[in-house]
Amino acid sequence: MTEIRLHNTRSRRKEVFAPLDAQNVRMYVCGPTVYDRAHLGNARPVVVFDVLFRLLRHVYGEGHVTYVRNFTDVDDKINARAREMQAGGDGRDLNDIVRALTDETIAWYHADMDALGALRPSHEPRATEYIGQMIAMIEGLVAKGCAYAAGGHVLFDVRAYPEYGRLSGRSVDDMIAGARVEVAPYKRDPMDFVLWKPSSADEPGWESPWGRGRPGWHIECSAMSHELLGESFDIHGGGIDLQFPHHENEIAQSCCAHPEGDFARVWLHNEMVQVDGKKMSKSLGNFFTVRDLLDQGWPGEVIRFVMLSTHYRKPMDWTEEKAKAAEDELWLWSLETTDVEAAEHTPEQVVSALTDDLNTHAAITALRGLFKNEEFGSLKRGLQLMGFELSADAGSIAASKHLQSYAPFRDTIEAALQTRSVAKRERRFSEADRIRNVLMAAGITLQDAPDGSTTYTVKRDFDPSKLESLN
């Protein structure tokens, strides 16, 4: 069995990954709160954990990996957006607006993440489908003395879980001193967090032992992961911004609710996204959604490539220069792989890079080596493992009219190069130069080697009509 090593945030070291059950490797990744388009920061964990999903399927078999990524479709941000829509003239009931808004946003999310080449997870639960499980988990925590009802809310008592703070490496007292926490008179401790809150008459709400209300954010993931993956599962992932408080709170409530389980054994966190070296923010004018970039004409493969060019545990910087370079490189790869049969086996150097804590940067370096050595079947197989199909689907690099027009002229180009080579040997340099100039005008760049051989690349502005003067 291929050995995978992953950096476990909880232990702060790289560990050999050993699943609880090799016949059912289980992974949970926190998904989006659905009230708006996904931005680049939302997309990074999708792409990162998609590669891990693919790697796990490669090692353990496609039918032996269960991947869960949720949709948070009940949240104060969603309610606030729905109220904005009402204020803007939407005459529907707030609950109807919320449902329509979350449905639409989930559809947007699927379309955008599909464009990035991400596989759909095994399960994509909506929080509103698991309210009963959340209420049951909260009841259990109250019965055990780990949670309490106060002021119409139910709160988790962080002091009931002595290991609170282990994931982020801070004590509760340190967290209180350094964090902005919601101060409320009904809290026993400033760090206690909401499991259930009351809903007004027009807000989404469900009947519970504590009155009509809705769940807090943190309990949602605990209930859904328990229902779909069990008391113990292998991997929990998400952005580093979720480490505290979301993941810290998940651990506390899940371990108190099910002390016989381990909850998640390995924790993986991807770093944040920057734009031109600065934190992405609307105030700086450098805030991009995935749809913004797609609409600007950047193919999904290019966005994916830029993201995977940086190791997931390092900040990723999106720049137009990186995007252009990625587009050019993928273009060259697509020229050689579109009509090539993928190799039977995935190249070992690509697998080796990914099994070393998902080192996608090293994997891309390995792909470059395969391209340089003209191992195009292996290149195609390696690209597939990393989620690059380079297919002729609309919007992809391989679907461009230039690529479609290149294939029929491959023989013409190579025949011209052969004729040029003969002309050079016979010292008919004016003819050799003429052929070179025609090829260059058509968008063919030549590279002459000291041994007399010539290689070429096809630029994206390839114009086959200009090859007619070769005759």
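- Residues Phe305 and Glu327 form no side-chain contact, since every pair of their non-hydrogen atoms from C-beta on lies 4.5 Å or further apart.
- Inter-residue side-chain proximity for Met272 and Ile240 is flagged as met; some heavy-atom pair is nearer than 4.5 Å.
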- Met307 and Val48: CA distance, side-chain angles, deciding distance, side chain to side chain contact (heavy atoms under 4.5 Å, CB included) verdict: CA-CA 8 Å; Met307 288 189 171; Val48 165; over 6 Å; no
- Would you please test Asp21 and Arg26 for salt bridge (charged side-chain N to carboxylate O under 4.0 Å, His left out) and show each step? CA-CA 8 Å; Asp21 178 4; Arg26 286 161 285 167; 5.6 Å; no
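- Taking the six-membered ring for Trp and thresholds of 30 and 60 degrees, Trp267 and His247 have ring planes inclined between 30 and 60 degrees apart.
- Taken to the nearest 0.5 Å, the CG atom of Asp36 stands 10.0 Å off from the CD atom of Glu104.
- A donor-acceptor pair is defined here as one N or O able to donate and one able to accept, closer than 3.5 Å; such a pair exists between the side chain of Lys380 and the backbone of Val340.
- A distance-only check finds a donor-acceptor pair linking the side chain of Thr289 to the backbone of Asp292 [under 3.5 Å].
- Aromatic rings from Phe233 and Phe263 are positioned such that their centres are separated by under 6.0 Å.
- The residues Arg54 and Asp50 are annotated as salt-bridged, a charged nitrogen and a carboxylate oxygen being separated by less than 4.0 angstrom.
- A donor-acceptor pair under 3.5 Å is absent between the side-chain atoms of Lys424 and the main chain of Ala432, judged by distance alone.
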- Item | Test log, rule side chain to side chain contact (heavy atoms under 4.5 Å, CB included), inputs Glu129 and Asp73 | CA-CA 9 Å; Glu129 298 169 346; Asp73 61 344; 5.9 Å; no
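- Between Asn79 and Val98, the shortest heavy-atom distance links the atoms OD1-CG2, 3.9 Å.
- Distance CG/Asn286 to CH2/Trp318: 13.0 Å, rounded to 0.5 Å.
- Salt-bridge formation is not detected for the pair Glu220/Arg214: no Lys NZ or Arg NE/NH1/NH2 atom is positioned less than 4.0 Å from an Asp or Glu carboxylate oxygen.
- For the atom pair Arg304 CZ and Leu116 CG, the distance stands at 7.5 Å (nearest 0.5 Å).
- Ser430 and Asp433 share no side-chain donor-acceptor pair at under 3.5 Å.
- A salt bridge is absent between Glu321 and Lys324; no separation between the charged side-chain nitrogens and carboxylate oxygens falls under 4.0 Å.
- One N or O on the side chain of Asp90 and one on the backbone of Arg92 form a donor-acceptor pair closer than 3.5 Å.
- The heavy-atom pair separating Val290 from Met113 by the smallest distance is CG2-CE, 4.0 Å.
- The main-chain N or O of Met224 is never found under 3.5 Å from a side-chain atom of Gln133 such that the two would form a donor-acceptor pair.
- The shortest heavy-atom contact between Gly382 and Val350 is O-CG1, 4.3 Å.
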- Task: Evaluate the criterion salt bridge (charged side-chain N to carboxylate O under 4.0 Å, His left out) for residue pair Glu375 and Arg381; output intermediate values, then yes/no.
- Result: CA-CA 10 Å; Glu375 299 177 51; Arg381 181 65 72 191; over 6 Å; no
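- Summarising the local packing, CZ of Arg12 is surrounded by more than 12 heavy atoms from other residues, nucleotides or ligands at distances under 6.0 Å.
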- Item | Derivation of the side chain to side chain contact (heavy atoms under 4.5 Å, CB included) call for Ile303 and Leu40 | CA-CA 9 Å; Ile303 302 171; Leu40 282 184; 4.2 Å; yes
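- Taking 4.0 Å as the cut-off between side-chain N and carboxylate O, Arg436 and Asp448 do not count as a salt-bridged pair.
- When side chains are defined from C-beta on, Leu335 does not count as touching Phe462, because their heavy atoms never get closer than 4.5 Å.
- Here the closest non-hydrogen pair linking Phe409 and Pro464 is CE1-CB, 3.4 Å.
- Note on ring orientation: taking the six-membered ring where Trp is involved, the planes of Phe371 and Trp333 are tilted (angle from 30° to 60°).
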- Message: Could you go through Lys14 and Asp357, starting from their C-alpha distance and side-chain angles, then the distance that decides it, and tell me whether this counts as salt bridge (charged side-chain N to carboxylate O under 4.0 Å, His left out)?
- Response: CA-CA 7 Å; Lys14 199 182 294 187; Asp357 194 28; 5.2 Å; no
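- A salt bridge links Arg69 to Glu124: at least one charged side-chain nitrogen sits closer than 4.0 Å to a carboxylate oxygen.
- A salt bridge links Arg126 to Asp103: at least one charged side-chain nitrogen sits closer than 4.0 Å to a carboxylate oxygen.
- Side-chain atoms of Val68 and Ser225, non-hydrogen and from C-beta on, never get closer than 4.5 Å to each other.
- Between His258 and His226, the angle of the ring planes stays under 30°, which puts this pair in the parallel group of the 30/60° scheme.
- Summarising the local packing, CD of Glu344 is surrounded by 12 or fewer heavy atoms from other residues, nucleotides or ligands at distances under 6.0 Å.
- For the residue pair Leu332 and Val458, the shortest heavy atom distance occurs at CD2-O, 3.9 Å.
- The CG atom of Leu417 lies 6.0 Å from the CG atom of Leu446; values are rounded to the nearest 0.5 Å.
- Put simply, the side chain of Ser222 never gets that close to the backbone of Ile219: no donor and acceptor are under 3.5 Å apart.
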- Query: Do Glu84 and Arg81 pass the salt bridge (charged side-chain N to carboxylate O under 4.0 Å, His left out) test, and can you show the C-alpha distance, the side-chain angles, and the key distance before you say yes or no?
  - Reply: CA-CA 5 Å; Glu84 288 176 7; Arg81 177 59 58 83; 3.3 Å; yes
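- Annotation: the span from Phe71 atom CZ to His110 atom NE2 amounts to 4.0 Å, rounded to 0.5 Å.
- Ser334 places a side-chain N or O within 3.5 Å of a backbone atom of Trp331 that can act as its donor or acceptor partner.
- The backbone N or O of Cys30 sits nowhere less than 3.5 Å from a side-chain atom of Asn70 that would complete a donor-acceptor pair.
- Within the 4.5 Å cutoff, side-chain heavy atoms of Gln243 are placed close to those of Leu167.
- Side-chain contact check for Val306 versus Trp298: every heavy-atom pair is 4.5 Å or farther apart.
- Both cation-pi conditions hold for Arg57 and Phe53: the charged atom is under 6.0 angstrom from the six-membered ring centre and inside a 45 degree cone around its axis.
- Side-chain contact between Trp108 and Arg291 is absent, with no heavy atoms from C-beta onward closer than 4.5 Å.
- More than 12 heavy atoms of other shown residues, nucleotides or ligands fall within 6.0 angstrom of atom CD in Gln296.
- Between the His64 side chain and the Asn24 main chain, no donor and acceptor come within less than 3.5 Å of each other.
- Relative orientation of the His246 and Trp217 rings is parallel, given thresholds of 30° and 60° on the angle between their planes.
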- Message: Show, in sequence, the C-alpha distance, side-chain angles and deciding distance for Glu320 and Asp276, and conclude whether the side chain to side chain contact (heavy atoms under 4.5 Å, CB included) test is met.
- Response: CA-CA 8 Å; Glu320 191 160 312; Asp276 293 320; 6.0 Å; no
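- Looking only at distances, a side-chain donor or acceptor of Gln253 sits under 3.5 Å from a matching main-chain atom of His218.
- In this structure, Asn249 CG and Tyr164 OH are separated by 3.5 Å, a value rounded to the nearest 0.5 Å.
- Residues Thr337 and Phe376 share a closest heavy-atom pair of CG2-O, 3.9 Å.
- Here the side chains of Asp234 and Leu56 are not in contact, with every heavy-atom distance at 4.5 Å or above.
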